[in-house]
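Inspection log for the structure reproduced underneath, given as structure tokens.
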Amino acid sequence: MNKHAYMIMAHHRPDLLQLLINSIDDERNDIIVHIDKKSNMKPEQFETQYAKIFFINQMSVNWAGYTQIQCEYELMKHAAAIGHHAYYHFLTGANYPLWNQNYIYDFFEKNKGYEFIGFDNAIDYSIRVKYYIPFSEHGKLRGVSGHLIEGVREFAKLVQKVLHVNRIKNQNLIIKKGCAYFSITEGMLLEILKQEKKVKDMYMHTICCDEVFVQTIAYNSEFRNKIYNFENEYDGCLRELAWPSNVSGIHPGWNFSQKDLEYLLNSKRLFAMKFEASDSIDVIQAIKQKRNIQ
């Protein structure tokens, strides 16, 4: 069962997606990809030499909406249906590994059984689940319409607060939040799949709960004791993100650029995102050469 499954959610930048696919194109891997229905990309654009690649049915995924969770479930169900895997990695099409597949397989063999899920323990995030949020599938809020929708959402939350609405008052759960990207065992994945209906009931008409549902399931289950690192969110999920908490300086769109190359090469984490800056391809090529990645 020492195969790994890579589950990728992509919506643009076919050049980055193919570079990512190339980097994990290993006979030990199965690659499962979802391309957003709104995207111009087509499955036939992408190929592998060694790994098996699968493209699941396309759906329209909206930033921060429940459709993000729904798409993750479709990826996980397809990955589980293919066969057994030691680990399941969830990535976006703008990710790139910081190490080659031999290193990654060796790391997970040495840390077998741990769940690599990031937890942000800064505040209580139950507010994300308590209330029904209108226009939750609108996507990113921009312009005048964005301000209007944000106002409607705040008013809806205020009304629900006055009426003592609490969607989770009968749930004996501690709500947790963290990085949406993870590497988990088959046991953890099956536990998430088992709770699909409960997840839909809890998170439909919420926003940004793709950062909540996996953490909440893991924390409130036996898998809590197998969390690799509960104290550091990004060590916990093995991801580098261009947030101010990780790297200094301004990063438009939270993308890594050439100035971050030394930082990334010194990282012990396994994956990084995003690489959509004007010089990000150069960064990927440098990592690829340094780490002997395909």
Side-chain angles (χ1 to χ4, degrees), residues 7 9 61-77 79-80 85 87-90 111-137 153-239:
M7 307 175 296
M9 191 184 295
V61 178
N62 299 307
W63 181 83
Y66 178 76
T67 46
Q68 286 196 294
I69 297 175
Q70 185 181 356
C71 185
E72 286 184 52
Y73 263 101
E74 293 307 311
L75 285 165
M76 287 189 278
K77 284 189 282 189
H85 301 88
Y87 275 92
Y88 297 78
H89 310 283
F90 178 46
N111 294 281
K112 186 162 38 178
Y114 283 104
E115 308 299 340
F116 298 89
I117 302 168
F119 286 84
D120 172 4
N121 302 300
I123 62 171
D124 175 12
Y125 285 98
S126 61
I127 188 69
R128 291 200 184 183
V129 195
K130 280 184 177 180
Y131 305 125
Y132 295 90
I133 306 299
F135 305 106
S136 59
E137 293 294 336
R153 286 176 177 175
E154 290 303 314
F155 179 72
K157 284 191 284 186
L158 178 62
V159 170
Q160 290 175 80
K161 188 174 182 179
V162 170
L163 296 175
H164 303 291
V165 172
N166 184 348
R167 297 179 64 175
I168 56 172
K169 64 181 177 182
N170 295 321
Q171 301 281 353
N172 185 26
L173 293 173
I174 297 173
I175 303 300
K176 304 300 289 186
K177 175 261 181 190
C179 177
Y181 305 98
F182 52 79
S183 296
I184 58 175
T185 65
E186 187 167 75
M188 182 75 246
L189 181 127
L190 294 176
E191 179 65 25
I192 295 169
L193 292 181
K194 187 173 72 174
Q195 296 198 33
E196 182 177 12
K197 184 181 183 304
K198 182 177 180 180
V199 165
K200 183 176 182 180
D201 292 342
M202 278 185 62
Y203 300 109
M204 182 73 79
H205 306 300
T206 63
I207 55 172
C208 296
C209 280
D210 59 311
E211 298 176 334
V212 172
F213 82 106
V214 170
Q215 281 77 6
T216 298
I217 291 173
Y219 191 82
N220 292 277
S221 73
E222 62 187 86
F223 294 95
R224 175 180 175 179
N225 297 321
K226 299 301 292 184
I227 298 299
Y228 177 70
N229 186 326
F230 187 67
E231 303 304 321
N232 185 300
E233 181 177 3
Y234 301 106
D235 285 344
C237 64
L238 306 175
R239 267 67 175 175

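Everything quoted here is computed from the prediction, not taken from an experiment.
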task = Report yes if the side chains of Ile175 and Met202 come closer than 4.5 Å at any heavy-atom pair, otherwise no.
result = yes

key: Rounded distance (nearest 0.5 Å) linking atom SG of Cys71 with atom CE of Met7   = 10.5 Å

query = Arg239 and Ser183: side-chain donor and acceptor closer than 3.5 Å?
reply = yes

key: Geometric class of the Tyr88/His85 ring pair [parallel <30°, tilted 30-60°, perpendicular >60°]   = perpendicular

query = By side-chain contact (heavy atoms from CB on, under 4.5 Å), which residues pair with Lys157, not counting sequence neighbours?
reply = Tyr131, Ile133, Glu154

inquiry  = Show the nearest heavy-atom pair for residues Ile192 and Met76, with the distance to one decimal.
reply    = CG2-CE, 3.7 Å

query = How long is the span from the CD atom in Gln68 to the SG atom in Cys208, to the nearest 0.5 Å?
reply = 7.5 Å

Thr206 backbone acceptor or donor facing Arg128 side chain under 3.5 Å = no

ask   = If every non-hydrogen atom of Ala180 is compared with every non-hydrogen atom of Glu211, which pair is closest and at what distance?
value = CB-CG, 4.1 Å

request  = Would you give the length of the straight line joining atom CD1 of Ile184 to atom SG of Cys237, rounded to the nearest 0.5 angstrom?
outcome  = 12.5 Å

key: side chain to side chain contact (heavy atoms under 4.5 Å, CB included) evaluation trace for Ile69 with Val199   = CA-CA 9 Å; Ile69 297 175; Val199 165; 3.8 Å; yes

task = If a pair satisfies salt bridge (Lys or Arg N to Asp or Glu O under 4.0 Å) and one of its residues is in residues 193-208, list it, with sequence neighbours excluded.
result = Lys77-Glu196, Glu191-Lys194, Lys197-Asp201

request  = Please collect all ring pair (Phe, Tyr, Trp, His ring centres under 6.0 Å) contacts where either partner lies in residues 191-218, sequence neighbours excluded, each pair once.
outcome  = Tyr73-Phe213

query = What's the spacing between Thr185 OG1 and Glu115 CD if we round to 0.5 Å?
reply = 3.5 Å

query = Does the side chain of Tyr228 reach to within under 4.5 Å of the side chain of Leu238, using non-hydrogen atoms?
reply = yes

query = Looking at OG1 of Thr67 and CD of Glu74, how far apart are the two atoms once the value is rounded to the nearest 0.5 Å?
reply = 12.0 Å

inquiry  = Has Tyr87 got a side-chain atom pairing as donor or acceptor with Gly113's backbone, closer than 3.5 angstrom?
reply    = yes

inquiry  = Taking Asp235's backbone N and O only, do any of them form a donor-acceptor pair with Asn232's side chain (distance below 3.5 Å, no angle check)?
reply    = yes

ask   = Side-chain contact, heavy-atom cut-off 4.5 Å: Tyr234 with Cys179?
value = yes

Do any side-chain atoms of residues 116-125 form donor-acceptor pairs under 3.5 angstrom with protein atoms, and if so which ones, sequence neighbours left out?
residue	atom	partner	partner atom	Å
Asp120	OD1	Ala122	N	3.0
Asp120	OD2	Tyr125	OH	2.5
Asp120	OD2	Lys177	NZ	3.3
Asn121	OD1	Lys176	NZ	3.2
Asn121	ND2	Phe230	O	2.9
Asp124	OD1	Ser126	N	3.0
Asp124	OD1	Ser126	OG	3.0
Asp124	OD2	Ser126	OG	3.1

query = Of all residues at least two apart in sequence or in a different chain, which pass the side-chain contact (heavy atoms from CB on, under 4.5 Å) check with Glu231?
reply = Asn229

ask   = Around Tyr114, counting heavy atoms of other residues, nucleotides and ligands shown, do more than 12 lie under 6.0 Å from its OH?
value = no

request  = Please list all pairs passing the side chain to side chain donor-acceptor pair (under 3.5 Å) test where one or both residues lie in residues 213-223, with sequence neighbours left out.
outcome  = Tyr219-Arg224

message = When you compare the side chain of Arg153 with that of Ile207, does any pair of heavy atoms fall below 4.5 Å?
response = yes

ask   = For the atom pair CG (Asn166) and NZ (Lys161), what is the distance rounded to the nearest 0.5 Å?
value = 12.0 Å

